[in-house]
Amino acid sequence: MIKILIVGIGNLGNRYLEGLSLFKASLSLDIEIFDPIISSISKSKEFCKRNNIDNKIGKLGYFNNIEETTKYFDLAIVATTSDVRCKISEYLIKHKQIEMLILEKVLFQNLSDYERFEKLLDNSSIKCWVNHPRRLFPFYKKLKDSFEKKESIYLNVQGGNWGIGCNGLHFIDLLSYFVNSQEISISSKFLDNKIYPSKREGFIEFSGLLTGRVGNSYFSLFSSKEDSPTILTLSTNNFDLTISEQKGVIQKRFKDGDLNESFEKEKIVYFQSEITPIMLEDLINNKSCNLPTYRQASQLHAVFVESLLRKYNRITSLESISLPIT
């Protein structure tokens with residue numbers, strides 16, 4: 001039996017739970033769910049009932065007090081918002097026996113948390129990854145293999161109202177994955193000089209242009225305030241690739257004399273419920289997975305948060321040490 005803890009049972013936590021229910025193996029799952037908000041637990045129970053999840057999992061228990069959960073877990077998934085993620089993750093390391101840990105992004109809002117948490121991990125035997133799921137999408141795994149070693153890549157993301165603060169790191173991590181580097185610099189000077197409310201209450205968002213470098217490659221992320229489709233463009237010395245993730249449409253233009261073009265259509269985006277069983281199988285069999293480790297991801301996250309925090313403080317005239325994005 002595999003013991004799993006899910007911390008935070010909002011929409012994302014429920015998708016993890018749904019994905020775990022689809023796991024096919026001889027080993028049964030004993031899942032405990034912690035959330036201090038009673039209404040979230042009630043909604044999750046309704047979600048499980050609608051989707052027949054209870055009958056697909058060996059054992060399932062809900063708790064609104066973290067101290068009432070059991071001591072040992074093979075895997076813990078922290079799917080909370082970023083404002084409490086560090087605190088609850090630290091508690092798990094100090095008071096529970098956990099073999100593997102998966103954290104959601106953005107990791108932490110406060111820069112001082114990154115180094116402190118890394119030291120906690122280093123003093124434990126816990127293996128920790130951060131959920132940047134595009135690394136698990138078959139299309140991007142295949143695309144990574146097509147890049148030449150040490151090839152410079154330019155990644156451009158353009159669209160409307162897609163949330164640079166909430167989602168920008170997913171694209172930056174994708175570039176990091178392609179070029180095998182966490183060496184990063186970011187400029188936030190071209191972001192709009194205005195703070196916007198996030199779709200999630202109590203958090204903020206940015207719009208405008210965020211630029212930077214990962215290794216020897218570059219990125220530009222643009223989000224306007226008007227809704228429009230999000231399009232990715234990847235450029236190398238040999239080709240330009242335009243990707244519409246939601247439509248699954250890929251256009252490739254080769255930079256030879258004839259400017260040959262090709263069009264393809266395939267599934268690109270996978271829901272968390274679809275990739276969780278694949279991720280779990282890898283964790284059980286290999287004690288590893290293709291997500292970035294905490295050390296890899298935190299290097300990107302810390303620079304990202306630092307850059308946006310400077311912009312946030314300039315706009316608001318505050319001296320905040322915490323960036324309220326999630």
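- Note on Glu281 versus Lys24: no salt bridge recorded, every NZ/NE/NH1/NH2 to OD/OE distance being 4.0 Å or above.
- Between Arg15 and Glu18 there is a salt bridge, since a side-chain N of the basic residue sits under 4.0 Å from a carboxylate O of the acidic one.
- The minimum heavy-atom distance between Ser28 and Gly58, with the atom names listed, is CB-CA, 4.4 Å.
- Val179 pairs by the side chain to side chain contact (heavy atoms under 4.5 Å, CB included) definition with Ile153, Leu175, Ser181, Val214, Ser217, not counting sequence neighbours.
- Side-chain contact between Ile2 and Ile284: present, with at least one pair of heavy atoms (C-beta onward) separated by less than 4.5 Å.
- In this structure the side chain of Cys166 never reaches within 4.5 angstrom of the side chain of Phe203, judged on heavy atoms.
- Under 4.0 Å is where a charged nitrogen must lie from a carboxylate oxygen, and between Arg85 and Glu90 no such pair does.
- We find that Lys255 and Asp240 are joined by a salt bridge, their nearest charged nitrogen and carboxylate oxygen being less than 4.0 Å apart.
- Ion pairing between Glu205 and Lys194 fails under the 4.0 Å rule for side-chain N and carboxylate O.
- Using a 4.0 Å cut-off between charged side-chain N and carboxylate O, Arg295 and Glu118 make a salt bridge.
- His132 contributes no side-chain N or O that, together with a main-chain N or O of Asp173, makes up a donor-acceptor pair within less than 3.5 Å.
- Between Asp122 and Lys119 there is no salt bridge, since none of the side-chain N atoms of the basic residue sits less than 4.0 Å from a carboxylate O of the acidic one.
- A distance below 6.0 Å separates the ring centres of Phe117 and Tyr294.
- The two residues Lys150 and Asn216 come nearest to each other via the heavy atoms O-ND2, 3.1 Å.
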